[in-house]
Number of protein chains: 2
Amino acid sequence: MWKKCLTLSVGNRSFLIVKNLFAGTRRFGELRMSLHGISPKTLTACLRSLESHGILTREVIPTIPPEVRYTLTEKGMDLQNVVNQMKIWGEKWSER
Amino acid sequence: MWKKCLTLSVGNRSFLIVKNLFAGTRRFGELRMSLHGISPKTLTACLRSLESHGILTREVIPTIPPEVRYTLTEKGMDLQNVVNQMKIWGEKWSER
DNA sequence: CGGAATCCCCCATGATACTG
DNA sequence: CAGTATCATGGGGGATTCCG
């Protein structure tokens, strides 16, 4: 059921994370900045949830200091249609 | 900002309510049944929120017993594009 | 019938500090 | 840098009862 696509979110921040990843791979800290002060705990929870749903992949580069890259999967990239429609709707109806 | 379209929700049940209203006007009790046991308090909160965002209208018919009709506005109907994309995405990627 | 009122629980989220 | 650990909290949501 399509309803499942709603349950993927740990809050609706997940959409914001996905939106940020459309532009390409991002690191933990970069995402944290983009979400204006989300706590690391919450960000981790969101990312883990998205990963478990196959929306994105988590790649650990074992360097010092460590580097972790988050990248959308094909399934995640496919969410662009959904997000685009949200964007269109928002632009059309905001400020009316 | 398109981000506003995310804040309209009191939980993501709002999407389910909107989905139900695409088919036409619904009464309070009908919506309550469709959302499989949502508490009246929560349903009311969702509906009030959607109403305040101009997604739907609330029409009270002063009969006994009372009848209240919820109908999508043009703005609300426009959400079909968003929901359709969610549906498409969900059907494409569920069970994979 | 369509809520409003009340009580209560639980979890998502924040803030902060610490670690490999 | 990328988390984990811990503590605290607010409000989303349920269950129930009452009312016009």
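Not measured: the values here are computed from a predicted model. When reading the values below, keep in mind they use all heavy atoms of this one structure, side chains included, and skip hydrogens, waters and symmetry mates. In what follows, chains are A, B, ... by sequence order, proteins preceding strands, each numbered from 1.
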Spacing between I38(B) atom CD1 and dG13(D) atom P, to the nearest angstrom: 8 Å

More than 12 heavy atoms of other groups within 6.0 Å of I61(B) CD1: yes

Whole-Å gap separating C1' (dA12(C)) and CD1 (I17(A)): 14 Å

Joint hydrophobic cluster, L50(A) plus F22(A), side-chain heavy atoms closer than 4.5 Å: yes

Short side-chain N/O contact from R27(A) to OP1 or OP2 of dC1(D), under 4.0 Å: no

Between dT4(D) (P) and L47(A) (CG): distance, integer Å: 10 Å

Closest nucleotide among dG3(D), dG3(C), dC1(D) to the Y70(A) side chain: dG3(D)

Listed nucleotide nearest any side-chain atom of K41(A), set dA15(D), dG2(C), dT13(C): dT13(C)

Phosphate OP1/OP2 of dT4(D) contacted by R48(A) side-chain N/O (<4.0 Å): yes

Pairwise side-chain contact, R58(A) with L47(A), heavy-atom cut-off 4.5 Å (strictly under): no

Cluster check I55(B), V60(B): I/L/V/M/F/W/Y, side chain < 4.5 angstrom: yes

Nearest-Å distance for atom pair CD/C1', residues E59(B) and dG2(C): 15 Å

Phosphate-side-chain proximity, T42(B) and dG14(D), N/O vs OP1/OP2 below 4.0 Å: yes

Interatomic distance, L31(B) CG vs dG2(C) P [rounded to whole Å]: 9 Å

Sub-4.5 Å side-chain heavy-atom contact between F28(A) and L43(A): yes

For atom CD of E30(A) and atom P of dC1(D), their distance in whole Å: 11 Å

Any S39(A) side-chain N or O less than 4.0 Å from OP1/OP2 of dG14(C): yes

Residue-phosphate contact under 4.0 Å: R32(B) side-chain N/O, dC1(C) OP1/OP2: no

Polar side-chain atom of S49(A) near backbone of A45(A) as donor-acceptor pair, under 3.5 Å: no

Bend angle of the helix from dC1(C)-dG20(D) to dG20(C)-dC1(D), from helix axes over five pairs at each end, nearest 10°: 50°

Protein-nucleotide distance (R69(B), atom CZ; dC1(C), atom P), rounded to Å: 16 Å

Polar contact flag, side-chain donor to acceptor under 3.5 angstrom, T57(A)-T73(A): no

Separation of dC1(D) P from I64(A) CD1 (nearest whole Å): 14 Å

R13(A) side-chain N/O to dG14(C) phosphate OP1/OP2 under 4.0 Å: yes

Residue whose nearest DNA chain C nucleotide is more 5′ - P65(A) or P40(A): P40(A)

